[in-house]
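Every number for a ligand or one of its atoms is a count from 1 in the order of the listing. Only heavy atoms go into these numbers, but all of them, side chains included; no hydrogens, no water, no symmetry mates. Count residues from 1 along the sequence.
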Amino acid sequence: MPKSPNTIDYAHNISCIDTEQMRPGLACCYLLRSGDSYAFVECGTSLSVPGLLRVLQRRGIAPEQVAYVMPTHVHLDHAGGAGLLMSRLPNAELVMHPRGARHMIDPTKLIEGAAAVYGAENLAAMYGEILPVPEQRVIVADDGFRLDFSGRELLFLDAPGHARHHYAIWDAESRGIFSGDVFGLSYREADGPRGPYLFPTTTPVQFEPEAWQRTLDRFLELDPVYVYLTHYGRVGDVRELAQHLRRGIASYELLARQHAAAPDRHAAIKEAITAHALQELKAMSAPLSEQQARELLGFDMELNAQGLEVWLDKQKAA
Ligand SMILES: [Zn+2]
């Protein structure tokens with residue numbers, strides 16, 4: 001049997017499973033347990049699904065025991081594998097944001113949108129085949145929707161800022177929030193003596209800084225002890241990290257505006273946000289050389305620069 005993906009077991013019956021996208025430690029999903037029932041938060045890409053099924057098998061969990069699959073938003077690293085995973089979990093229901101549900105039922109637009117960002121030729125290699133989910137298996141989670149997961153209450157919050165089709169899940173049992181991408185990205189390789197480095201993710205096409213700040217306000221009102229990041233793993237010190245993220249979002253807005261008229265706008269913004277990240281990593285004594293940091297963050301910096309350009313163009317059009 002092929003090797004199983006890396007997993008981390010946290011308290012409160014929550015496990016982090018690597019979705020093995022591009023490299024270990026880039027993206028994960030979470031497996032939650034309540035009694036004999038299980039639920040996934042996120043599902044990775046279609047290429048992640050065999051690994052997730054191996055984890056279930058190794059743990060003696062029958063596919064029938066998985067009651068819910070809950071991708072935080074429809075970006076492919078979170079929801080691309082939903083159709084394939086759902087086809088292997090006969091009793092599972094897919095819980096989606098109201099703006100995301102239709103894209104899971106008919107993924108045509110999702111595939112077109114992703115092809116525009118990544119290029120059609122890269123899409124299949126990076127994400128595999130994207131399969132539809134039967135409509136009758138989809139639950140729409142409006143803002144404030146409460147799911148009784150075998151006695152474990154999960155509260156769904158509309159969470160714009162990174163994407164309008166994004167929800168977050170408050171798990172009262174662990175006092176934690178499953179944040180998808182709206183609490184930023186933070187890779188464990190960059191953890192240093194001063195804690196984690198966390199930065200915004202402004203992937204095209206729905207970066208909305210003001211909405212994002214309000215989403216963070218709502219998170220903090222819940223007084224969370226943990227945030228479960230899809231990229232990557234559980235973090236604490238939520239208030240401090242939220243401040244860090246707020247400053248990061250403000251810096252991104254400023255840097256994008258400063259380079260809006262540069263001859264090669266894309267290259268200028270990408271280099272500016274990369275330089276900003278390098279400076280912060282250094283200030284935090286992160287254990288990475290400049291070269292290692294550029295490699296670790298290069299993919300995100302590319303997508304963040306693209307998303308900031310889309311945001312600039314929308315400002316201009318408004
Ligand atoms: Zn993501």
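The pair E189-R23 meets the salt-bridge criterion, with a side-chain N (NZ, NE, NH1 or NH2) lying under 4.0 Å from an Asp/Glu carboxylate O. Salt bridge annotation for D217-R214: absent, with no cationic side-chain nitrogen under 4.0 angstrom from a carboxylate oxygen.
Between the Zn ion (ligand 1) and the N, O or S atoms of D181, the shortest distance is to OD2. Nearest N, O or S atom of H78 to the Zn ion (ligand 1): atom NE2. Summary: OD2 is the N/O/S atom of D77 found nearest to the Zn ion (ligand 1).
Taking 4.5 Å as the limit, some side-chain heavy atom of F199 sits within range of a side-chain heavy atom of N304.
None of the N, O or S atoms belonging to H73 lies under 2.8 Å away from the Zn ion (ligand 1).
Using modelled atom types and a 3.5 Å distance limit, the side chains of W212 and E208 yield no donor-acceptor pair.
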